[in-house]
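Below you'll find the structure, written out as structure tokens, and then a few comments.
All ligand and atom numbering here is 1-based and tracks the order in the structure.
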Amino acid sequence: DTNFDSALALQLTTGSEKVQAQTIEKLATLGTAGEELLMKFLLQRQSNPPTWIDGKAYQVLYSADSLETKNFLQTNFPTGIVQLNSQQGIDYTSLQTLLAKQDFQAADRLTLQKLCELAGSAAMQRKWLYFTEVENFTNTDLQTVNQLWLIHSEGKFGFSVQREIWLAVGKNWEKLWSKIGWKSGNNWTRYPDEFTWNLNAPRGHLPLSNQLRGVRVIASLLSHPAWERRGC
Ligand code: UYC
């Protein structure tokens, strides 16, 4: 009914992020009426920098199977909510798709693959990174990967989140591992089954960086200049 719709529309546009998120979840259960509101909402916000609220609204429309939402997304957001900028000629479309689907495990694997692509053909064959390669990543590319994770995880996942926690614990790795659920007591969390591949995970849990060869790669990732200007 119209009153109910306009009450939801008001919550969606003027509520706190928490209220907006709850409203999006409610709209997701309402079929076409909910989708109509979410489409209007995304168009209204399109000129502003995206937040995870946009990501969440997008995800609902992305998983709806009506022709109308498909056409809408194809027309207005053909490559998603996050601009897939690259200065290194990398295509992030498939990462965008996996994160829009909330397939965090596949997205995590693909993230490592994309970082290896950024590092070059030697890393692509090796399938892991040297920290010196990470230092040469462009800000633009790291920011794109990070924004994709942030915006499709309610702001919970991404290198910038890990960095924020790392700085808050005085760059103490052991404290970081326990806060982000990579270690519990003396035990490393085992890949892949012991990790949490959904939003119930602790903040900063994903994306993973294998610590088998030491902390230098993650140290380079978390101290990269990409986070100095606009790492939220
Ligand atoms: N693994 O334990 N990990 C792998 C993590 C460690 C190990 C991949 C993260 C500790 C081996 C990812 C943690 C350790 C392989 C991660 C973790 C260990 C492997 C797949 C908590 C033993 C097989 C991508 C810090 C005590 C591959 C990749 C190999 C894989 C992630 C063992 C994403 C965050 C120290 C034997 N682990 N990894 O990198 O290289 O292969 O032999 O960190």
Does R163 make a cation-pi contact with W166, if we ask for NZ or CZ under 6.0 Å from the ring centre and within 45° of the axis?
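Not flagged: R163 not positioned over aromatic ring of W166.
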
Look at the rings of W128 and Y130 and say which category their plane angle falls in: under 30° parallel, 30 to 60° tilted, over 60° perpendicular.
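The arrangement is perpendicular - the two ring planes meet at more than 60°.
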
Parallel under 30°, tilted from 30 to 60°, perpendicular over 60°: which one fits the rings of F157 and W149?
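Perpendicular.
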
Going by distance alone, is a donor N or O of one side chain under 3.5 Å from an acceptor N or O of the other, for T97 and S94?
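Their side chains do not contain a donor-acceptor pair, so the 3.5 Å distance test is not met.
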
Looking only at the side chains, is there a donor atom on one of Q96 and Y58 sitting less than 3.5 Å from an acceptor on the other?
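Checked: Q96/Y58 side chains pair up, N/O donor to acceptor below 3.5 Å.
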
For ligand 1, which atoms have a heavy atom of S209 less than 4.0 angstrom away?
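Contacts of ligand 1 toward S209, numbered from 1: 34 (C).
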
Looking at K183, I want to see if its NZ is surrounded by more than 12 non-hydrogen atoms of other residues, nucleotides or ligands under 6.0 Å.
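Yes, enclosed.
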
Looking at K40, I'd like to know if its NZ atom is crowded, meaning that more than 12 non-hydrogen atoms belonging to other residues, nucleotides or ligands lie closer than 6.0 Å.
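No, the 6.0 Å shell around NZ holds no more than 12 heavy atoms from other groups.
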
Just do the side chain to side chain donor-acceptor pair (under 3.5 Å) check on D141 and Y92 with the steps written out, would you?
CA-CA 9 Å; D141 285 77; Y92 295 107; 2.6 Å; yes

What are the two closest heavy atoms between F41 and L12, and how far apart are they?
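For F41 and L12, the tightest heavy-atom pair comes out as CE1-O, 3.4 Å.
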
Among protein heavy atoms, which lies nearest [atom], and at what distance?
| atom | result |
| --- | --- |
| atom 26 (C) of ligand 1 | W188 CD1, 3.2 Å |
| atom 13 (C) of ligand 1 | F195 CZ, 3.5 Å |
| atom 24 (C) of ligand 1 | L112 CD2, 3.7 Å |
| atom 41 (O) of ligand 1 | N210 ND2, 3.8 Å |
| atom 14 (C) of ligand 1 | L212 CD1, 4.0 Å |

Is [X] touching ligand 1 with its side chain, its backbone, both, or neither, if touching means heavy atoms under 4.0 Å apart?
| X | result |
| --- | --- |
| W177 | neither |
| R213 | side chain |
| T189 | backbone |

Is [X] in polar range of ligand 1, meaning some N or O pair under 3.5 Å apart?
| X | result |
| --- | --- |
| Y191 | no |
| Q211 | yes |
| W182 | no |

Return yes when K183 approaches ligand 1 closer than 4.0 angstrom through a heavy atom, no otherwise.
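Not so, K183 does not reach ligand 1.
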
Determine if the distance from atom 16 (C) of ligand 1 to the closest protein heavy atom is below 4.0 Å.
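For atom 16 (C) of ligand 1 the answer is yes, since some protein heavy atom falls inside 4.0 Å.
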
